[in-house]
Amino acid sequence: MQEEKGIIQSNEKIAKDTYRMKIAAGMAKDMKPGQFVNIKIDGYMLRRPISISSIEADGFVIVYKVVGDGTLALAKKHAHHTIDVFGPLGSSYPIHENRNEVLLIGGGVGVPPLYELAKQYRVLRKEVHVVLGFNDKDSIFYEQEFKALGCHVVVATMDGSYGVKGTVMDAIQAHAITCDFTYSCGPRPMLKAIEAAYQKGYMSFESRMACGIGACMACVAKDKKEADLYHRICKEGPVFPIGKVEF
Amino acid sequence: MQEEKGIIQSNEKIAKDTYRMKIAAGMAKDMKPGQFVNIKIDGYMLRRPISISSIEADGFVIVYKVVGDGTLALAKKHAHHTIDVFGPLGSSYPIHENRNEVLLIGGGVGVPPLYELAKQYRVLRKEVHVVLGFNDKDSIFYEQEFKALGCHVVVATMDGSYGVKGTVMDAIQAHAITCDFTYSCGPRPMLKAIEAAYQKGYMSFESRMACGIGACMACVAKDKKEADLYHRICKEGPVFPIGKVEF
Amino acid sequence: MDLHVKLPGLNLKNPIIPASGCFGFGREFAELYDLSLLGGIAIKSATPQKRFGNPTPRVAETPSGMLNAIGLQNPGVDVILEKELPWLAQFDTEIIANVAGASEEEYVEVIEKLNASQVVKAYELNISCPNVKHGGIGLGTTPELAAKVTKMAKAAANKPVYVKLSPNVTNIVEIAKAVEEAGADGLVMINTMMGMRLDLHTGKPILANVTGGLSGPAIKPVAIRMVYQVAQAVNIPIIGVGGITRAEDVLEFLYAGASAVEVGMQNFIDPYCCVKIIEELPKVLETYGVNSLQEAVGRSFK
Amino acid sequence: MDLHVKLPGLNLKNPIIPASGCFGFGREFAELYDLSLLGGIAIKSATPQKRFGNPTPRVAETPSGMLNAIGLQNPGVDVILEKELPWLAQFDTEIIANVAGASEEEYVEVIEKLNASQVVKAYELNISCPNVKHGGIGLGTTPELAAKVTKMAKAAANKPVYVKLSPNVTNIVEIAKAVEEAGADGLVMINTMMGMRLDLHTGKPILANVTGGLSGPAIKPVAIRMVYQVAQAVNIPIIGVGGITRAEDVLEFLYAGASAVEVGMQNFIDPYCCVKIIEELPKVLETYGVNSLQEAVGRSFK
Ligand SMILES: Cc1cc2nc3c(=O)[nH]c(=O)nc-3n(C[C@H](O)[C@H](O)[C@H](O)COP(=O)(O)OP(=O)(O)OC[C@H]3O[C@@H](n4cnc5c(N)ncnc54)[C@H](O)[C@@H]3O)c2cc1C
Ligand SMILES: Cc1cc2nc3c(=O)[nH]c(=O)nc-3n(C[C@H](O)[C@H](O)[C@H](O)COP(=O)(O)OP(=O)(O)OC[C@H]3O[C@@H](n4cnc5c(N)ncnc54)[C@H](O)[C@@H]3O)c2cc1C
Ligand SMILES: Cc1cc2nc3c(=O)[nH]c(=O)nc-3n(C[C@H](O)[C@H](O)[C@H](O)COP(=O)(O)O)c2cc1C
Ligand SMILES: Cc1cc2nc3c(=O)[nH]c(=O)nc-3n(C[C@H](O)[C@H](O)[C@H](O)COP(=O)(O)O)c2cc1C
Ligand code: FES
Ligand code: FES
């Protein structure tokens with residue numbers, strides 16, 4: 001966990017409203033899949049939390065969607081400029097070396113953190129099933145990248161413009177994927193459906209944050225079982241065992 | 001008077017804390033010497049008023065001193081980037097075609113607007129005496145530029161590190177400059193001294209501004225004679241006949 | 001989309017009104033665009049006599065805002081009646097006369113004179129100014145004083161009276177209700193918040209007047225909160241003001257419960273802002289799936 | 001330059017104190033730097049029982065500021081005594097315990113328990129929180145209530161009591177004086193200003209709690225104004241807070257009349273900000289020709 005002025009190496013549009021930025025930064029050596037960085041954007045007060053999508057020798061990659069003023073400003077950043085990143089932050093997806101196959105389920109901008117996870121499982125030569133859900137064909141990204149890693153990739157679109165029409169759950173059914181150890185990240189309804197269907201694995205959550213390091217209590221979520229227990233999404237999370245937190 | 005995104009052509013340091021910026025902008029064709037532009041600087045609310053120092057075919061030049069956050073940000077701007085300027089604003093130095101010689105007196109960042117004035121008088125082939133006052137040798141700028149126009153240039157520094165030691169008044173005395181039709185711009189004490197010594201000519205003033213166009217009444221100065229009369233520095237000014245306003 | 005808004009005395013072709021003190025009497029902006037594009041114009045506060053206001057410096061910059069201590073400089077109601085209002089008559093827009101004074105009687109005096117004008121469509125009482133009779137506190141800081149000046153103004157006025165509330169109070173709802181009960185036809189909220197800046201070199205206040213009024217985006221969250229609270233407590237319309245820089249901000253004020261808005265200091269930053277906002281507003285409403293202004297008003301609590 | 005400041009109960013090696021609620025109990029920041037560098041630490045508000053606070057979202061961004069509605073989440077005074085304070089004892093810095101409650105009695109309860117701690121050097125009463133007994137209004141909004149809780153706290157406390165004032169009032173001087181008269185050893189000002197933001201998509205408040213507290217540079221001009229007014233009216237020291245992001249801001253608060261400062265939300269933007277400010281402060285004082293902190297305090301009105 002440190003503040004660093006990373007150097008933007010590239011910042012390109014890869015799908016509708018979706019950008020990929022490569023950042024050269026020393027903190028990459030401490031990063032684990034599922035963690036995030038907190039990015040300061042000129043003109044805006046609060047840092048923006050963005051998942052680490054890929055960890056490389058000299059830096060890391062983020063994939064982000066333009067949803068508001070901050071991400072719009074980020075999309076306008078040019079290569080060679082510096083960017084103020086704080087990280088790596090939060091918990092990571094644990095790697096279970098004893099498993100032979102895992103199922104990664106991502107929806108929209110929940111897809112990015114799963115990419116590094118897939119990479120690490122593929123290095124261990126495990127079977128990696130990847131199910132990606134998007135709104136429409138134009139929003140799809142990383143299908144080829146996951147395939148290039150040697151994952152089994154299935155895509156669903158809500159409007160049916162590509163792959164299975166419907167949700168990631170529809171795609172899992174359509175392709176009769178039976179692996180029951182899941183890692184997921186995506187919008188709330190998707191996570192709800194996954195929680196109802198699977199008992200094993202991990203989930204990653206979002207929350208409005210201020211500090212991103214566990215000090216302000218902005219981002220808490222209740223424990224599902226212990227009435228009195230709260231977890232900080234930024235510190236104990238964003239990755240939790242499936243069924244751990246109320247959302 | 002218009003808002004325009006000018007293109008920065010160059011932005012270079014020319015003396016201690018002092019920068020010259022060339023801006024390409026169509027509004028240049030409407031500019032007169034002594035007028036100013038109001039510049040929007042990213043991250044700061046109020047526009048910054050800066051005098052027009054030189055008017056060219058395709059743009060204009062400003063010379064500014066870094067005194068606070070806004071001018072510091074301005075100094076960091078790069079060529080080819082755009083800059084949001086509003087102008088030209090305010091009154092200008094009237095050109096008296098019937099006069100054969102004029103005396104231009106500038107102190108510190110009061111020097112810039114006199115440059116365009118000198119240019120225009122030299123086009124008319126008039127004798128132009130220029131007296132420039134600075135704190136020290138490192139702060140001096142535009143001595144050569146005025147000389148290149150064919151002006152008679154005298155420099156004073158407060159610490160005596162260059163030219164006459166003392167104020168512009170000391171320099172005028174030392175060089176026995178007798179021309180009594182003055183145009184001046186500079187710090188308050190300098191203007192006070194000039195007002196005490198000369199009756200003819202024009203003076204240019206500064207004031208904290210908000211709108212820069214005469215609407216908010218932030219920048220008013222009392223008339224010296226009529227008790228009930230106020231003038232807006234941004235609209236009736238910044239140039240006034242000598243002895244017109246209370247300051 | 002239809003941007004028309006009908007409020008007591010005001011037939012606004014759109015809900016955008018430059019705020020008092022930030023637009024003078026419109027002359028400077030008329031050099032930039034046609035004032036008939038505006039929903040209305042709230043002209044600079046008028047007092048019985050000519051006022052020169054405070055010594056300079058009168059403004060200072062702050063993070064996302066500014067401080068001003070102009071001190072109600074204006075040519076006095078007679079000159080406004082003679083010179084400014086007839087000039088404004090040429091524009092097809094609704095003129096709101098902002099009224100100020102050092103005592104309740106001065107408000108009445110100004111209103112009685114302005115009653116004669118056909119150009120003025122409504123009054124807006126600026127009750128934030130320090131009141132001489134009451135030890136210099138603002139009439140807007142207690143429900144009793146606010147109600148009293150409202151009642152007196154209503155009795156004198158032949159046009160609807162809006163009261164512009166001061167945010168520098170513990171309980172804005174209490175004051176809004178008192179003003180409504182006293183007969184106000186509408187509310188304008190908010191005026192500036194009292195603030196201050198010190199010069200790092202001298203340690204002294206930057207403003208010659210020591211304190212000044214804070215405006216701009218910095219105060220928008222406070223303005224939205226107050227409009228939201230008051231809109232649920234009163235039955236008269238609210239004109240929202242405080243920190244508006246773009247059409248999205250207008251929508252936020254509508255959601256909070258405002259029926260129209262005034263735009264203040266943004267006119268200094270971008271003199272064309274009001275026309276730009278008017279142009280953008282239909283697009284922004286569409287982006288957020290809002291079919292009419294009416295539909296948006298008060299959505300936050302409905 | 002000597003940055004040492006002596007205040008009732010507090011021997012600060014420098015005037016920089018992270019503000020309550022913006023630093024937790026220091027654990028997260030201890031991973032980043034040595035907390036012994038700090039003048040002091042104002043820990044998160046303590047209540048008698050564990051509190052979970054408000055539903056999320058609890059924060060929203062605003063121009064030059066943010067809104068928060070954490071709702072005083074804290075583990076309760078007993079856990080703080082058992083776990084947090086002994087951990088904090090390892091650092092050479094002054095711990096200020098911020099105390100909150102839903103009634104006057106709860107403040108007393110917390111204080112009576114904390115009296116046993118050697119680690120706590122002073123109390124800071126957070127009187128901005130809505131008070132259950134008094135219909136949900138803050139104890140900090142009337143002079144009577146503010147004085148009462150101060151008196152009760154002083155009677156219970158075996159360490160100096162600072163009162164942290166709410167800025168959401170008509171007359172801050174009146175409240176400061178009441179609190180001084182009730183025995184307060186010092187003041188902390190200001191807490192957050194009540195504000196709100198609406199979601200453009202839904203029209204509903206972004207914060208689950210509807211309203212929240214505005215902090216950050218946006219409120220600095222209001223904080224400076226209030227410190228300036230109060231410093232001239234009371235004889236107890238003031239700890240300034242509101243919008244500090246750099247050493248220059250600290251100097252502005254000193255000029256206004258504060259003897260030390262607290263830094264709030266900037267800790268979220270730049271977690272190292274407090275140490276950076278401590279490092280920069282002597283240079284900034286030098287730049288502006290200030291030879292000692294004492295010399296700067298209150299210069300604006302001296
Ligand atoms: C742990 C974590 C990881 C994330 N990873 C990614 C990612 O890899 N790619 C991606 O595109 N997005 C990701 N997000 C969401 C991303 O943080 C928001 O989309 C972004 O902050 C929006 O900023 P804005 O300025 O464009 O939006 P605005 O609405 O203008 O932002 C205003 C404020 O709200 C906050 N905010 C708005 N939406 C969200 C949100 N969904 N989650 C949290 N805060 C929000 C902003 O951070 C900011 O403080 C992640 C969020 C979290 C918490
Ligand atoms: C008509 C006019 C012409 C000017 N021409 C020049 C010029 O050619 N070259 C030059 O270097 N300077 C000139 N100035 C002064 C220049 O405007 C200020 O130095 C500049 O605004 C400072 O901005 P800042 O952000 O660096 O300082 P800050 O102190 O951070 O500024 C804060 C606020 O105070 C205002 N302010 C601060 N100092 C002044 C000042 N001296 N006059 C007016 N407003 C001030 C700023 O505009 C801003 O609103 C001129 C001023 C006026 C009114
Ligand atoms: C320079 C200036 C002058 C103002 N003069 C007046 C005035 O004369 N009467 C009044 O009621 N409000 C006056 N105001 C307050 C504005 O009308 C408005 O309520 C306030 O600025 C908040 O809006 P904003 O944030 O959009 O600027 C003035 C504001 C500024 C910035
Ligand atoms: C997330 C957050 C939580 C806060 N929690 C508390 C609190 O528990 N008790 C308290 O007295 N003040 C609390 N405050 C107020 C701060 O201590 C401080 O008074 C305020 O934020 C203004 O300072 P700033 O502008 O530097 O942030 C909180 C502020 C924030 C932003
Ligand atoms: S964002 Fe501050 S605790 Fe999680
Ligand atoms: S700056 Fe507004 S009238 Fe001159």
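Note that the coordinates shown come from a computational prediction; the quantities given were computed from them, not determined experimentally. All chains are named by letter (A, B, ...) in the order of the sequence lines, taking the proteins before the strands, and each is independently numbered beginning at 1.
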Examine whether an atom of M193(D) lies under 4.5 Å from a heavy atom of chain C, and if so say whether it belongs to the side chain, the backbone or both; otherwise answer neither. side chain
Measure distances from T202(D) to the heavy atoms of chain C and classify the residue's part below 4.5 Å as side chain, backbone, both or neither. backbone
Please classify the contact between L214(D) and chain C as side chain, backbone, both or neither, with a heavy-atom cut-off of under 4.5 Å. side chain
Identify which part of T141(D) has an atom lying under 4.5 Å from any heavy atom of chain C, answering side chain, backbone, both or neither. both
Spacing of NE2 belonging to H201(C) relative to OG1 belonging to T287(D), to within rounding of 0.5 Å: 9.0 Å
Among residues 288-302 of chain D, which residues come closer than 4.5 Å to chain C, judged by heavy atom distances? Y288(D), R299(D), S300(D), F301(D), K302(D)
Most contacts with chain C, counted as non-hydrogen pairs under 4.5 angstrom, among I172(D), V210(D), I219(D): V210(D)
Applying the side chain to side chain contact (heavy atoms under 4.5 Å, CB included) test to R225(D), which of N168(C), L198(C), L67(C) qualifies? N168(C)
With respect to chain C, which residue among R197(D), M194(D), K204(D), M226(D) yields the maximal number of heavy-atom pairs within a distance under 4.5 Å? M194(D)
Modelled atom types, side-chain donor and acceptor of T170(D) and T170(C), under 3.5 Å: yes
List the steps, then state whether side chain to side chain contact (heavy atoms under 4.5 Å, CB included) holds for M196(C) with K220(D). CA-CA 8 Å; M196(C) 189 168 168; K220(D) 199 185 68 173; over 6 Å; no
To the nearest 0.5 Å, how far apart are CD in E252(D) and CG in L200(C)? 6.0 Å
Other residues, nucleotides, ligands: >12 heavy atoms within 6.0 Å of E181(C) CD: no
Pairs of heavy atoms under 4.5 Å with chain C: top-ranked of A218(D), G243(D), G203(D): G203(D)
Could you tell me whether E286(D) atom CD has more than 12 heavy atoms of other residues or ligands within 6.0 Å of it? no
